[in-house]
Structures are given as structure tokens and as C-alpha cells.
Amino acid sequence: QVQLVESGGGLMQGGGSLRLSCAASVRTFSVYGVGWFRQAPGKDREFVAAIGRNPGSTFYADSVKGRFTISRDNAKNTVYLQMTSLKPEDTAVYYCAARTSIGPVAISAEYEYWGQGTQVTVSS
């Protein structure tokens, strides 16, 4: 069993930066692939970024490519999403998810464990 807790959300002006954290309850978090997803009001949940067991294996949605960076610190059992050049359209609840995968996965249905989400609001 894996419990995930997201943190780091908040209010930021356009062009600003935030770093989200996803902390896991297990010390073996390094064996899981992890994804970030987001959901804005009135919209479907969408893929943002994913990282595999190999921290060099990453994948990004086109909408955030070049602006967001996913990384992991296995010693802390934590995955991060560094968000820069934020835009109002990035406003959403951000969720992290984990699965027993090797590589990054972009499909939400493939993930076994989900956090409760953290709100990110970007003003104009």
C-alpha cells in the first residue's frame, strides 16, 4: 500500500514558479513510476508529467514541455514537479499518482495510487 500526499500548491502570478512535492508513505518508492495530473473546473483530468523508476525516463504533456520538470529524490521518497513560467491556464488541482511500472506512463487509468491533490492558482 502506498499513501501519497501532495504539497506546495498556492497562488502565484503569471510567470512565477512553484515546486510541488509528492511524498510517499513507503521507503521503497523508488520502484514505482509516478505521474502528475491536473484537473481544472469543468475539464477532464489531464496528464502533466511522468517519471519512471529510472529518473532519466521522463515524459511531458506538450502544454508544459519546457516549463515543468519532474524529478525524484528516492532518499526522501518524494517526487517533485518544478513549475516555471506559470500561466493562468495552469490553474488546476494537481494530483500525483503511482504505479508499479518501469517507465513513465501518461494514462491515468494505469495508476494504482492517488493523492488528494493540491490547488495551484495562477493569476494574470
TODO: Taking all non-hydrogen atoms of both residues into account, name the closest pair between Tyr113 and Leu4 and its distance.
DONE: O-CD1, 3.6 Å
- [ ] Indicate, with yes or no, if Tyr80 and Ile70 share a hydrophobic cluster defined by side-chain heavy-atom contacts under 4.5 Å among Ile, Leu, Val, Met, Phe, Trp and Tyr.
- [x] no
- [ ] Please check if the side chain of Arg99 supplies one atom and the backbone of Val105 the other of a donor-acceptor pair under 3.5 Å.
- [x] no
- [ ] Output all residues satisfying side chain to side chain contact (heavy atoms under 4.5 Å, CB included) with Val93, sequence neighbours left out; order by chain, then residue number.
- [x] Tyr95, Gln119
Which atom pairs, donor and acceptor, lie under 3.5 Å between side-chain atoms of residues 5-14 and protein residues at least two apart or in another chain?
{"unit_1": "Glu6", "atom_1": "OE1", "unit_2": "Gln116", "atom_2": "N", "d": "3.0"}
{"unit_1": "Glu6", "atom_1": "OE1", "unit_2": "Gly117", "atom_2": "N", "d": "2.8"}
{"unit_1": "Glu6", "atom_1": "OE2", "unit_2": "Cys96", "atom_2": "N", "d": "2.9"}
{"unit_1": "Glu6", "atom_1": "OE2", "unit_2": "Gly117", "atom_2": "N", "d": "3.2"}

TODO: Identify whether Val79 and Val26 are in the same connected component of the hydrophobic contact network (ILVMFWY, side-chain heavy atoms under 4.5 Å).
DONE: yes
TODO: Look at Lys87 together with Asp90 and state whether they make a salt bridge at an N to O cut-off of under 4.0 Å.
DONE: no
Under 3.5 Å, which donor-acceptor pairs link side chains of residues 44-52 to any protein atom two or more places apart or in another chain?
{"unit_1": "Glu46", "atom_1": "OE2", "unit_2": "Arg38", "atom_2": "NE", "d": "2.6"}
{"unit_1": "Glu46", "atom_1": "OE2", "unit_2": "Arg38", "atom_2": "NH2", "d": "3.2"}

Task: All ring-ring contact (aromatic ring centres under 6.0 Å, His included) counterparts of Tyr111, not counting sequence neighbours - done: Phe37
Task: Sidechain-backbone polar pair: Thr78 side chain, Ala23 backbone, donor-acceptor under 3.5 Å - done: no
Open item on the list: List the residues meeting side chain to side chain contact (heavy atoms under 4.5 Å, CB included) with Gln82, not counting sequence neighbours, and say none if there are none.
Closed with: Ser17, Arg19, Thr69, Thr84
Open item on the list: Restricting to non-hydrogen atoms, name the atom on Phe29 and the atom on Cys22 that form the minimum distance, rounded to 0.1 Å.
Closed with: CE2-O, 4.2 Å
Open item on the list: Using every non-hydrogen atom in the two residues, find where Ser21 and Trp36 come nearest and quote the distance to one decimal.
Closed with: O-CH2, 3.7 Å
Open item on the list: Using 0.5 Å steps for rounding, measure from the CG atom of Asn77 to the OG1 atom of Thr28.
Closed with: 7.5 Å
Task: Residues in side chain to side chain contact (heavy atoms under 4.5 Å, CB included) contact with Ser57, at least two apart in sequence or another chain - done: Asn54, Pro104
- [ ] With rounding to the nearest 0.5 Å, note down the distance linking OH in Tyr60 to CZ in Arg67.
- [x] 12.0 Å
